[in-house]
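Here's the structure we're looking at; comments come further down.
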Amino acid sequence: MKRIIVLTMMMVATTTFAQEFTEQDTLRGSITPEREWWDLNYYHLDVAVDPDKKFISGSNTIRYKVLKKNQVMQVDLQPPLTIEKVTQDGKKLEVVNNGNAHFVQLKKKQKEGDFNEIKVYYSGPPKEAVRAPWDGGFSWKKDPNGNDFVATSNQGLGASVWWPNKDHMYDEVDSMLISVKSPKGLMDVSNGRLRKVDEDTNTYHWFVSNPINNYGVNINIGDYVHFGEKYEGEKGTLDMDYYVLRDNLEKAKEHFKDAPKMMEAFEHWFGPYPFYEDSFKLVEVPYLGMEHQSSVTYGNQYMKGYLGRDLSGTGLGLKFDFIIIHESGHEWFANNITYKDIADMWIHESFTAYSENIFLDYHLGKEASADYVIGTRTNIQNDKPIIGPYNVNTEGSKDMYYKGANMLHTIRQLVNDDEKWRQVLRGLNSEFYHQTVTTKQIEDYISKKSEIDLSKVFDQYLRTTMIPLFEFKIDGNKVKYRYSNIVEGFHMPLKILIDGKSQTLSPTADWKTQELNGDLSTLKVDRNYYVDHKQVK
Ligand SMILES: [Zn+2]
């Protein structure tokens, strides 16, 4: 883990993309000394939501283990929300603010190995979502019957947009209680399982018994009705529960049949659903959707595809509800295996974009899945690298979705053994079970498990915008070929077809000559490899 933290530096610029970062970006995006000394153990977020005033108020109890001595603790909360007070053992503490970062001055001596708690009281009108879930915050909406329909979403922006916490992804809380006081007559659905309801105050208490990342925590308030099913999965009986607006119940019962189909395909390819203890839920929301852990939010309007559109242009994208499949795929890649730094967001989005074609592979076969993932190449921009700059809470290119998926599809060809490839994907989910990770851990694991050194493949596709160009020249019964537009040392076997028959070449940066049988004018590059090709004279 790189740790370059210079708090006094006002501006940090990266030469590569000429993006400028502020001290606030560093406070938010790095493991500061005021964060690294304590390990999150438990949160009790207790919040009252008032849609009429667009106002929230409450507290978060933070229990932590002292890893090394320090008396200053960083807690994040974004304006216009304000911290009213912070206490430890009932005593009020001084807090020094620096923008979104609040430095709590602890009085009690923090001894290594101790478990301590602070309680942060806060209130205010949280930032309203502009275009949830991308530009998130609170969505204060109404359902068609005029009932309040409220939801939170905050990936990237950070959970501190609506509740005080350690707003960095490297440290996940081990378990969490979420108590939400909702308007009378409406229900809150959050993560994990419903433990109890206080009828007098209409407060819903949800308990998450597994580690959860900050952006996964959510509140959804609406006129919900519930239905559910028991799914017999790899780890036993899984509760699959669905919360939808009252008027959508019949529609949802039909439409959510994609959910058990999703579970079957993903357990096969990725391993057991990672949160049996907390159940699986789909929760209707007034925005498109988000991978909130064990309460995947759904707003795809009960349409197939992505709001009725097929992102692959092949027709196959209309065979499933994009939000049910994609957002649930994140239970494995985002919620089970979580990036430490958002710069490595490909770990979430490349695998999950890839999961869309894996779903098709399971239900419609290998050719259909290949058609789909290859079809999504039209969405690739190659504008900047997939991996972003570190320690400043900044993600890389949107190509992390479909270029990433096509890189993984290419690696499947290199592995050339689908059962082995499946064991790589399942192995990732057991090796990094409930962990936060770096890209290096993921890359190294895939290379090791597949027994192929893929380091240059990852460098090429994740760290540059260059697409390998396979150049070839036909001379009688010989073909001359090489790769250009590659990183140094890039070598990747490539399948070509001659007379429709497949054979493997081993191009590098240097021209090679090889004698081949068949009509060389029919030479084609196997479409499953994400490379460009050009015949040179
Ligand atoms: Zn996603």
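Both counts, for ligands and for their atoms, begin at 1 and track the order of listing. Excluded from the calculations below are hydrogen atoms, water molecules and symmetry mates; all remaining heavy atoms, backbone and side chain alike, are included. Note that the coordinates shown come from a computational prediction; the quantities given were computed from them, not determined experimentally.
- Side chains of Tyr390 and Asp344: a donor on one and an acceptor on the other come within 3.5 Å.
- Between Asp361 and Ser369, the side chains place a donor N or O and an acceptor N or O closer than 3.5 Å (distance only, hydrogens not considered).
- Seen from the ring of Phe207, Arg193 does not count as a face-on cation partner, given the 6.0 Å and 45° thresholds.
- Closer than 2.8 Å to the Zn ion (ligand 1) sit the protein N, O or S atoms His326 NE2, His330 NE2, Glu349 OE1, Glu349 OE2.
- For the residue pair Ser30 / Thr32, no side-chain donor-acceptor distance below 3.5 Å is found, with atom types taken as modelled.
- Note: His226 and Tyr242 fail the aromatic proximity criterion, with ring centroids not under 6.0 Å apart.
- Aromatic ring pairs are classed by plane angle as parallel below 30°, tilted from 30° to 60° and perpendicular above 60°; the pair Phe333 and Phe351 is parallel.
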